Amino acid sequence: MIIAPSILNADNLNLKENIKEAVAVGIDRFHIDIMDGHFVPNLSFGPQLISDFKREFPMTDAEIHFMSNNPDDLIPAFVAAGADIMELHYGAMSESKLNYWLDYLASNGVEAVLAIKPDVQADVIEKFLPKIKQVLVMTVNPGFGGQSFIADSAEKIKQVREIVGPNMPIEVDGGINDRTIKIAKDAGADVFVVGSYLYENGNITNQVRKLEKIIK
Ligand SMILES: O=C(CO)[C@@H](O)[C@H](O)COP(=O)(O)O
């Protein structure tokens with residue numbers, strides 16, 4: 001079981017301290033949302049943040065949740081910046097481009113993940129299985145932190161688990177807190193992106209420990 005903090009809702013002016021605190025409590029993967037205002041209606045970070053992150057935290061994985069329709073211009077920049085894991089959305093580009101970029105990630109030593117948002121059927125992942133190491137099931141509509149977990153997501157996670165079998169990790173992202181993490185785990189998820197819940201009371205250490213207790 002892995003908890004991957006999303007930094008989208010962290011205090012950007014205090015990011016390094018927030019990350020340090022999470023690393024000190026055992027976190028070894030951060031989920032970094034990349035939004036360019038087209039695939040989702042929000043803007044976030046660029047490749048510079050990834051290279052700064054890898055310089056300061058070389059032993060911690062940078063998981064890039066790529067929410068853009070512009071892979072040709074942007075994916076190579078994030079790979080060059082040090083992405084360890086990259087998550088591409090079904091529907092953000094043509095299937096032939098998706099195949100191309102999944103291969104590109106593998107040949108550049110980056111773990112490739114296929115992401116599906118709530119309006120994408122689980123079975124689309126079948127044909128991409130040989131090229132991916134993980135599936136990301138969005139449990140909110142992507143774009144913003146602080147939304148509520150969509151209840152139907154439990155059924156979607158179960159469907160994905162049936163398709164991928166017991167060994168491929170399934171990550172969930174959106175509205176994960178001390179109630180929904182158990183729902184997602186019981187449905188078959190094993191990697192949990194957590195954003196606003198971690199930062200809601202200024203004590204990241206306690207929040208991580210509370211969640212770990214629930215999923216252990
Ligand atoms: O990708 C996204 C939003 O599009 C997420 O990574 C959120 O940033 C998670 O935040 P919370 O829902 O946990 O607040």
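Remember, it's 1-based here, ligands and their atoms both numbered in the order they're listed. All figures in this text were calculated on a predicted structure; none of them were measured in a lab. Start at 1 with the first residue, then count along the sequence.
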Listed by chain and number, what are the ring-ring contact (aromatic ring centres under 6.0 Å, His included) partners of His65, not counting sequence neighbours? His31, His89
Show me a pair-per-line table, with atom names and distances to 0.1 Å, of protein N or O atoms that are under 3.5 Å from an N or O of ligand 1.
unit_1   : atom_1 : unit_2 : atom_2 : d
ligand 1 : 1 (O)  : Asp33  : OD1    : 2.9
ligand 1 : 1 (O)  : His65  : ND1    : 3.2
ligand 1 : 1 (O)  : Asp173 : OD2    : 3.0
ligand 1 : 4 (O)  : Gly143 : N      : 2.7
ligand 1 : 6 (O)  : Asp33  : OD1    : 3.3
ligand 1 : 6 (O)  : Asp33  : OD2    : 2.8
ligand 1 : 6 (O)  : Asp173 : OD1    : 2.8
ligand 1 : 6 (O)  : Asp173 : OD2    : 3.0
ligand 1 : 8 (O)  : Ser6   : OG     : 3.0
ligand 1 : 8 (O)  : Asp33  : OD2    : 3.2
ligand 1 : 12 (O) : Gly175 : N      : 2.8
ligand 1 : 13 (O) : Gly195 : N      : 2.8
ligand 1 : 14 (O) : Gly146 : N      : 2.8
ligand 1 : 14 (O) : Ser196 : N      : 2.9
ligand 1 : 14 (O) : Ser196 : OG     : 2.5

Is the side chain of Ser68 donor-acceptor paired with the backbone N or O of Asp36 at a distance under 3.5 Å, no angle test? no
Would you call Lys131 and Asp103 a salt bridge, taking side-chain N to carboxylate O under 4.0 Å as the test? yes
Arg161 side-chain N/O to Gly188 backbone N/O, donor-acceptor pair under 3.5 Å: yes
Could you check whether any side-chain N or O of Thr139 sits under 3.5 Å from a backbone N or O of Gly174, counting only pairs where one atom can act as donor and the other as acceptor? yes
What pair of heavy atoms forms the shortest contact from Thr60 to Asp84, and how long is it? O-OD2, 3.8 Å
